[in-house]
Student: 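Please find one structure pasted underneath; my questions will follow.
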Amino acid sequence: MLSNQILHRTAQDIREITGLECSVWDVRGACLVRTSEKAIEMEQDVRAFGASGQESRIDGGEGFFLICDEEEPVYVLALRGSEEEMSLAGRMGASQLGNLILAYKERMDKNRFVQNLLLDNLLMVDVYNQARKMRIPTELKRAVFLIQAKNEGDNLIMDTLKGLYATGTRDFVTAVDEENIILVKALEEPEGYPYLAQTARILVDTLNMEAMVSVRVSYGTIVQELRDVSRSYKEADMAMEVGKVFYVDKNIFAYNDLGIGRLIHQLPASLCEMFLREVFEDQEAETFGEEELTTVFTFFDNNLNISETARQLHVHRNTLVYRLEKIEKKTGLDVRIFEDALTFKIAIMVADHMKDLENRRS
């Protein structure tokens with residue numbers, strides 16, 4: 001039902017507006033929130049009122065008002081003070097709490113609908129029927145973002161994103177597991193993939209500044225129909241998995257920009273093992289030191305340019321050549337040649353993929 005934070009804010013509002021002390025109880029007589037410690041003295045009276053079957057009662061400076069959810073009693077609103085305005089204050093307070101319950105249920109219904117939509121748990125006819133009831137547009141450009149905290153225990157992401165996006169029936173913020181927060185983002189007609197990249201950067205920066213949380217963000221392709229949102233979600237999920245394995249220095253992963261990493265991620269383990277044996281023979285990918293890998297990948301980033309790589313690594317040209325020749329002695333691959341450089345890079349990525357598979361099994 002309603003959170004204690006919402007109940008407390010409502011009780012405080014009633015007290016400030018009416019001047020009456022306010023408390024909210026469950027139907028068994030347990031006090032949930034109160035504006036005065038003296039409210040505890042009303043426990044027996046609240047229980048008696050709950051058992052009476054009455055909708056309201058005012059007696060001796062105390063007022064009790066029943067709040068129902070679809071005719072099922074859920075709360076008792078108790079007021080204490082002057083009886084002059086108690087009836088009006090109680091009815092308005094009970095109405096406010098009833099409306100909050102209704103709004104909460106509508107939000108939860110939408111949340112469950114979006115979760116089932118993402119997980120492909122709905123028949124096609126149910127997608128359109130439920131969307132129509134909730135006034136959710138079925139034909140609208142959308143894309144799915146996955147937001148994952150780099151450190152466990154960061155629980156401010158959901159609240160921050162809901163404050164930014166979860167308003168109305170266009171954007172939705174939800175979760176289907178404990179690891180990822182999901183944003184289903186609606187797009188205007190002119191907005192495309194540059195807009196998705198910009199949104200991902202805004203998400204990273206905003207969560208870092210406002211929630212003090214370091215996150216990774218991935219996103220899928222743009223879909224035109226509500227029924228295809230699950231496809232964008234699966235793509236975003238794959239982008240997150242591939243990005244964490246092959247592009248660890250980045251924090252934004254686009255499904256369309258995964259390149260060869262997406263291909264390797266889908267290769268069977270047996271084929272990967274055979275390829276590694278062919279490339280490295282008796283060597284293991286782990287035998288390459290951090291310095292060697294940093295050298296060769298900087299070399300790749302600079303399009304096999306010896307001079308520019310040496311400048312960026314702050315080493316002499318001959319030192320760089322010596323390091324590259326060491327890799328050639330280990331593997332038989334001269335990474336100064338494009339074909340051998342490509343083979344080496346793919347082999348290292350395949351080795352990372354195999355390591356990730358082993359970690360998942362353990």
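Numbers here are sequence positions counted from 1.
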Student: Among the clusters formed by ILVMFWY side chains lying less than 4.5 Å apart, do Val176 and Val229 turn up in the same one?
Tutor: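 Yes; tracing contacts between hydrophobic side chains, which count when under 4.5 Å, links both residues.
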Student: Are Leu324 and Ile306 packed together at the side-chain level, in the sense that at least one heavy-atom pair is separated by less than 4.5 angstrom?
Tutor: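 They are in side-chain contact.
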Student: Among the clusters formed by ILVMFWY side chains lying less than 4.5 Å apart, do Leu66 and Val24 turn up in the same one?
Tutor: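 No, because Leu66 and Val24 fall into different hydrophobic clusters, even though each may have its own neighbours under 4.5 Å.
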Student: Does Arg80 reach the main-chain N or O of Lys38 with its side chain, forming a donor-acceptor pair under 3.5 Å?
Tutor: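 Yes, the answer is positive, given that a donor and an acceptor are paired below the 3.5 Å cut-off.
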Student: Any chance CE of Met92 has more than 12 other-residue heavy atoms, nucleotides or ligands included, within less than 6.0 Å?
Tutor: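 Open: at most 12 neighbouring heavy atoms sit under 6.0 Å from CE of Met92.
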Student: Mark yes when over 12 heavy atoms from residues, nucleotides or ligands other than Lys244 sit less than 6.0 Å from its NZ; otherwise mark no.
Tutor: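 Atom NZ in Lys244 is crowded, with more than 12 foreign heavy atoms closer than 6.0 Å.
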Student: Counting only heavy atoms not in Arg15, do more than 12 fall under 6.0 Å of its CZ?
Tutor: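 Not buried by this count: 12 neighbours or fewer within 6.0 Å.
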Student: Do NZ/NE/NH1/NH2 and the carboxylate oxygens of Lys234 and Asp120 come within less than 4.0 Å?
Tutor: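 So Lys234 pairs with Asp120 through a salt bridge.
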Student: Output the distance between atom OG1 (Thr18) and atom CE (Met86), rounded to the nearest 0.5 Å.
Tutor: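 Atom-to-atom, Thr18:OG1 and Met86:CE are 8.5 Å apart.
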Student: Is a salt bridge present between Glu308 and Arg311, judged by a nitrogen-to-oxygen distance below 4.0 Å?
Tutor: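 Here Glu308 pairs with Arg311 in a salt bridge, since their nearest N and O are under 4.0 Å apart.
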Student: If you define the side chain from C-beta out and look only at heavy atoms, does anything of Glu241 sit under 4.5 Å from Phe246?
Tutor: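 No. Closest side-chain heavy atoms not under 4.5 Å.
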Student: Are Arg142 and Ser232 side-chain neighbours, meaning at least one heavy-atom pair lies under 4.5 Å?
Tutor: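 Of all side-chain heavy-atom pairs linking Ser232 with Arg142, none is under 4.5 Å.
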Student: Taking Asp59's backbone N and O only, do any of them form a donor-acceptor pair with Glu83's side chain (distance below 3.5 Å, no angle check)?
Tutor: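 No; zero donor-acceptor contacts below 3.5 Å.
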Student: When you measure from the side chain of Tyr128 to the backbone of Leu226, do you find a donor-acceptor pair of N or O atoms at a distance under 3.5 Å?
Tutor: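 Not at all, since once roles are kept as given, no pair shorter than 3.5 Å links the two residues.
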Student: Met134 versus Asp109: any side-chain heavy-atom pair under 4.5 Å?
Tutor: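 Answer yes - side chains close enough.
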Student: As an exercise, state the distance from CG of Leu97 to CD1 of Ile67, rounded to the nearest 0.5 Å.
Tutor: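 So the gap between those two atoms works out to 5.0 Å.
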Student: What distance separates Ser23 OG from Leu7 CG, expressed to the nearest 0.5 Å?
Tutor: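 The distance works out to 11.0 Å.
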Student: Relative to Tyr255, does Arg262 satisfy both conditions: NZ or CZ under 6.0 angstrom from the six-membered ring centre, and within 45 degrees of the ring's axis?
Tutor: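 Arg262 over Tyr255 ring: yes.
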Student: Under the 3.5 angstrom rule, does the side chain of Ser218 hit a backbone N or O of Ala236 as a donor-acceptor pair?
Tutor: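 Yes, the answer is positive, given that a donor and an acceptor are paired below the 3.5 Å cut-off.
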Student: Roughly how far, to the nearest 0.5 Å, is the CG atom of Leu117 from the CZ atom of Phe172?
Tutor: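 With rounding to 0.5 Å, CZ (Phe172) is 9.0 Å from CG (Leu117).
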Student: Should Ile14 and Leu20 count as side-chain neighbours, where that means a heavy-atom distance under 4.5 Å?
Tutor: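 No - every pair of side-chain heavy atoms lies 4.5 Å or more apart.
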Student: Please name the pair of heavy atoms, one in Ala149 and one in Val215, separated by the smallest distance, quoted to 0.1 Å.
Tutor: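 For Ala149 versus Val215, the nearest heavy atoms are CA-CG1, 4.1 Å.
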Student: If the threshold is 4.0 Å, N to carboxylate O, is there a salt bridge linking Arg323 and Glu291?
Tutor: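 So Arg323 pairs with Glu291 through a salt bridge.
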Student: Tell me whether Tyr322 at atom OH has more than 12 heavy atoms from other residues, nucleotides or ligands lying less than 6.0 Å away.
Tutor: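 Atom OH in Tyr322 is not crowded, with 12 or fewer foreign heavy atoms closer than 6.0 Å.
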Student: Within the structure provided, determine whether Gln312 and Asn302 are in side-chain contact (heavy-atom separation under 4.5 Å).
Tutor: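 Side-chain contact under 4.5 Å: yes.
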Student: Can you tell me how far the CD1 atom of Ile147 sits from the CD1 atom of Ile182, to the nearest 0.5 Å?
Tutor: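 Separation between the atoms: 8.5 Å.
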Student: Given 3.5 Å as the limit, does a donor-acceptor pair link the side chain of Asp356 with the main chain of Asp352, or not?
Tutor: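 Not at all, since once roles are kept as given, no pair shorter than 3.5 Å links the two residues.
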Student: Under 3.5 Å, is there a donor-acceptor pair between the side chain of Glu235 and the main chain of Thr221?
Tutor: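 Yes: the side chain of Glu235 pairs with the backbone of Thr221.
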Student: Taking all atoms of both residues into account, what is the closest heavy-atom pair of Leu333 and Val279, and its distance?
Tutor: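 Heavy atoms of Leu333 and Val279 come nearest at CD1-CG1, 3.8 Å.
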Student: Side-chain heavy atoms under 4.5 angstrom apart, residues restricted to Ile, Leu, Val, Met, Phe, Trp, Tyr: same cluster for Met158 and Tyr219?
Tutor: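 Both belong to a single hydrophobic cluster.
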Student: Under 3.5 Å, is there a donor-acceptor pair between the side chain of Asn180 and the main chain of Gln148?
Tutor: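 Not at all, since once roles are kept as given, no pair shorter than 3.5 Å links the two residues.
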Student: Does atom CD of Glu55 have more than 12 heavy-atom neighbours from other groups under 6.0 Å away?
Tutor: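 At most 12 heavy atoms, drawn from other residues, nucleotides or ligands, come within 6.0 Å of this atom.
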Student: Counting only N and O atoms by type, is there a donor-acceptor contact under 3.5 Å from the side chain of Asn116 to the main-chain atoms of Arg112?
Tutor: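 At least one qualifying donor-acceptor pair exists.
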Student: Can any side-chain N or O of Asn208 pair as donor or acceptor with the backbone N or O of Val204 at less than 3.5 Å?
Tutor: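 No: the side chain of Asn208 does not pair with the backbone of Val204.
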Student: Are side-chain N/O atoms of Arg91 and Ser87 paired as donor and acceptor at under 3.5 Å?
Tutor: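 Yes, a side-chain donor-acceptor pair sits under 3.5 Å.
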Student: Which heavy-atom pair separates Leu140 from Leu187 by the least distance, and what is that distance?
Tutor: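 The pair with the smallest heavy-atom distance is CD1-O, 4.2 Å.
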Student: Would you call the rings of Phe344 and Phe280 parallel, tilted or perpendicular, where under 30° means parallel and over 60° means perpendicular?
Tutor: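 Geometry flag for Phe280 against Phe344: perpendicular rings.
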Student: Please say yes or no: joined through hydrophobic side-chain contacts below 4.5 Å, possibly via intermediate residues, are Leu293 and Val335 part of one cluster?
Tutor: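 Yes, Leu293 and Val335 fall within the same hydrophobic cluster.
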Student: Check whether more than 12 heavy atoms from other residues, nucleotides or ligands sit under 6.0 Å from atom CD of Gln5, and answer yes or no.
Tutor: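 12 or below, so no.
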Student: Within this structure, what is the CD-CG distance for the pair Glu328 and Asp340, rounded to the nearest 0.5 Å?
Tutor: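 The CG atom of Asp340 is 8.0 Å from CD of Glu328, to the nearest 0.5 Å.
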Student: Can you tell which of Phe65, Phe64, Tyr75, Trp25 makes a ring-ring contact (aromatic ring centres under 6.0 Å, His included) with Phe49?
Tutor: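 With Phe49 as partner, ring-ring contact (aromatic ring centres under 6.0 Å, His included) holds for just one option, Phe64.
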Student: Between Tyr165 and Val184, is any pair of side-chain heavy atoms under 4.5 Å apart?
Tutor: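 Tyr165 vs Val184: side chains apart.
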Student: Could you tell me whether Arg47 and Glu43 have a side-chain N and a carboxylate O separated by less than 4.0 Å?
Tutor: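 Between Glu43 and Arg47 there is a salt bridge, with a charged N closer than 4.0 Å to a carboxylate O.
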Student: Using 4.0 Å as the upper bound for N to carboxylate O, is an ion pair formed by Glu188 and Lys141?
Tutor: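 Salt bridge between Lys141 and Glu188, a charged N being under 4.0 Å from a carboxylate O: no.
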Student: Any link between Leu79 and Leu88 through a network of hydrophobic side chains (Ile, Leu, Val, Met, Phe, Trp, Tyr) touching at under 4.5 Å?
Tutor: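 Each belongs to a different hydrophobic cluster.
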Student: Is the closest side-chain heavy-atom distance between Phe297 and Ile348 below 4.5 Å?
Tutor: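 A side-chain contact exists here, since the closest heavy-atom pair is under 4.5 Å.
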Student: Can you check whether Cys22's main-chain N or O pairs, donor with acceptor, with Thr35's side chain at less than 3.5 Å?
Tutor: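 Between the backbone of Cys22 and the side chain of Thr35 there is a qualifying donor-acceptor contact (under 3.5 Å).
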